[in-house]
*Asks:* 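Take this structure, written in structure tokens, and hold onto it; I'll ask about it next.
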Amino acid sequence: MALRDYAPELLAGVLFPLLWWQGRRTRRITPRLPIAAGQPFGLAGQRDASRSLRVLGIGESPMAGVGVAHYEDSLCARFAALLAQQQACQVHWQVLAGNGARLAAASGWLQQLPASQTDTVDIILLSFGVNDSTAFAPVARYRRQMAALLQQIQTRWPAAQILISGVPKLAEFPALPTPLRQVLGYKAASLDRAVADLVAGTSQLCHVAMPVMRDKRCMASDGYHPSAMGAALWAEQLLTIYAGKHKNLPA
């Protein structure tokens with residue numbers, strides 16, 4: 001691995017007393033937002049459409065809808081709605097996610113998911129990395145965990161297109177003070193690079209860079225999670241990349 005993969009840990013070691021204090025204070029004063037109301041599954045598009053697709057979203061708190069009022073405004077639901085509109089089809093969507101979850105949890109979720117619930121999945125959205133970044137998960141371990149998860153997914157759904165969202169840019173989170181924001185931003189970027197390198201050049205695996213959310217309205221009231229506006233922008237980015245890989249989609 002490159003030296004830059006270890007740079008966040010080296011920097012954190014030098015600044016540890018300040019970062020430790022900032023981290024404790026940030027956790028104390030940042031509002032704890034709940035998981036979105038409603039059910040973590042739904043149907044987008046016209047019910048009488050001749051075609052249907054199935055989307056499965058797997059991830060941490062943004063996938064669970066933390067930061068939005070209802071699951072219909074969450075990342076997976078918004079992606080499903082946009083896809084249904086563009087494809088003129090039905091889109092069944094379902095979410096497996098947890099507030100505070102790390103990448104290692106996803107394998108267990110999939111093992112417990114009854115086959116009858118997801119006989120066929122066409123598109124899988126993966127979104128992890130924030131909690132692994134704040135825990136300073138080693139890059140090599142994170143890469144191994146992602147590789148194992150992808151193999152597990154492809155074994156179960158060999159035809160599914162997998163869109164792996166980039167790790168959110170912690171350096172841009174308003175809730176985080178300086179220099180904690182920058183150090184965690186470096187850590188998030190190192191995990192993100194590892195995943196991008198892992199799936200580079202593959203056809204069914206696609207790394208999707210996080211969109212830039214300069215508008216403050218893209219963040220929820222805690223300054224840490226995307227709002228409904230942010231989730232919609234994120235979903236548009238995912239759909240843009242998916243559409244680029246499937247040229248038969250209508251304009």
Side-chain angles (χ1 to χ4, degrees), residues 22-23 25-27 29-38 40 42 44 55 57 59-86 91 93 95 97 99-101 123 125-134 163-193 195-196 206-244 249 251:
Q22 287 187 329
R25 182 176 184 275
T26 300
R27 284 192 293 270
I29 67 175
T30 300
R32 295 281 294 177
L33 301 182
I35 289 176
V55 176
E60 51 192 353
S61 52
M63 190 68 76
V66 177
V68 303
H70 197 279
Y71 255 113
E72 296 294 334
D73 291 322
S74 68
L75 176 61
C76 188
R78 291 306 305 152
F79 176 84
L82 292 170
L83 179 64
Q85 182 180 24
Q86 191 174 59
V91 178
W93 60 272
V95 167
N99 192 358
I123 305 169
L125 310 179
L126 290 181
S127 175
F128 285 98
V130 169
N131 296 306
D132 286 281
S133 295
T134 58
L163 301 178
I164 308 167
S165 181
V167 180
K169 302 178 186 299
L170 273 75
E172 299 176 0
F173 281 21
L176 299 175
T178 298
L180 180 63
R181 179 190 305 177
Q182 286 73 22
V183 174
L184 290 179
Y186 296 148
K187 182 60 187 179
S190 68
L191 297 184
D192 194 40
R193 283 194 303 269
V195 174
C206 183
H207 173 270
V208 182
M210 279 292 296
V212 177
M213 299 185 184
R214 293 192 176 92
D215 194 320
K216 294 181 179 179
R217 294 174 297 173
C218 288
M219 298 300 291
S221 59
D222 63 352
Y224 199 80
H225 292 91
S227 64
M229 181 176 175
L233 181 64
W234 193 348
E236 289 174 6
Q237 177 84 339
L238 289 166
L239 183 63
T240 297
I241 300 302
Y242 176 77
L249 287 177

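Here the structure is a predicted model, which is why all the values come from computation and not from measurement.
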*Asks:* Closest approach of C76 and L125, non-hydrogen atoms and distance?
*Replies:*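 Closest pair (atom of C76, atom of L125, distance): CA-CD1, 4.2 Å.
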
*Asks:* Once you measure the plane-to-plane angle for W93 and Y71, does it fall in the parallel (<30°), tilted (30-60°) or perpendicular (>60°) bin?
*Replies:* tilted

*Asks:* Heavy atoms only: give me the nearest L33-S221 pair and the separation to one decimal.
*Replies:*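 Closest pair (atom of L33, atom of S221, distance): CD2-OG, 3.8 Å.
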
*Asks:* In Å, rounded to the nearest 0.5 Å, how long is the span from CZ of R32 to CZ of R27?
*Replies:* 10.0 Å

*Asks:* About how many Å separate OH of Y224 and CG of L176, when rounded to the nearest 0.5 Å?
*Replies:* 6.0 Å

*Asks:* Is there side-chain contact between V195 and L126, with at least one heavy-atom pair below 4.5 Å?
*Replies:*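 Answer no - side chains too far apart.
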
*Asks:* So L75 and L238, do their side chains get closer than 4.5 Å, heavy atoms only?
*Replies:*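 Yes, at least one pair of side-chain atoms sits under 4.5 Å.
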
*Asks:* In Å, rounded to the nearest 0.5 Å, how long is the span from CG of L163 to CD of Q237?
*Replies:* 11.0 Å

*Asks:* Looking at residues at least two apart in the chain, or sitting in another chain, which of them share a side-chain contact (heavy atoms from CB on, under 4.5 Å) with M213?
*Replies:*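 For M213 the side-chain contact (heavy atoms from CB on, under 4.5 Å) partners, ignoring immediate neighbours, are M210, P211, C218, L233, W234.
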
*Asks:* Sorted by first residue and then second, give each salt bridge (Lys or Arg N to Asp or Glu O under 4.0 Å) pair with at least one member in residues 66-79; sequence neighbours left out.
*Replies:*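 Not a single pair qualifies under salt bridge (Lys or Arg N to Asp or Glu O under 4.0 Å).
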
*Asks:* Which pairs, with at least one residue in residues 215-239 and sequence neighbours excluded, count as a salt bridge (Lys or Arg N to Asp or Glu O under 4.0 Å)?
*Replies:* D215-R217

*Asks:* Would you check if H207 and D192 make a side-chain contact, meaning some heavy-atom pair closer than 4.5 Å?
*Replies:* yes

*Asks:* What distance do R214 atom CZ and M219 atom CE have between them, rounded to the nearest 0.5 Å?
*Replies:*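 It is 14.5 Å, given to the nearest 0.5 Å.
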
*Asks:* Of the non-hydrogen atoms in S133 and L191, which two are nearest, and what is the gap between them?
*Replies:* OG-CD1, 3.5 Å

*Asks:* Looking at every heavy atom in both N131 and G100, which two are closest together, and how far apart are they?
*Replies:* ND2-C, 3.3 Å

*Asks:* How long is the straight-line distance from CD of E60 back to OG of S127, given to the nearest 0.5 Å?
*Replies:* 5.5 Å

*Asks:* Taking atom CD of Q85 and atom CG of L239, what is their separation to the nearest 0.5 Å?
*Replies:*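 Those atoms lie 9.5 Å apart.
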
*Asks:* If you look at every heavy atom in T30 and A175, which pair is closest and at what distance?
*Replies:*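 Minimum heavy-atom contact is OG1-CB, 4.3 Å.
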
*Asks:* Please report the C-alpha distance between S61 and V130 in whole Å, then the side-chain angles of each, then the deciding distance to 0.1 Å, and finally whether the side chain to side chain contact (heavy atoms under 4.5 Å, CB included) criterion is met.
*Replies:* CA-CA 9 Å; S61 52; V130 169; over 6 Å; no

*Asks:* Hey, are the side chains of Q22 and P179 touching, using non-hydrogen atoms and a 4.5 Å cut-off?
*Replies:* yes

*Asks:* Indicate the atoms forming the closest heavy-atom contact of A231 with P226, along with that distance.
*Replies:*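 It is N-CB, 4.0 Å.
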
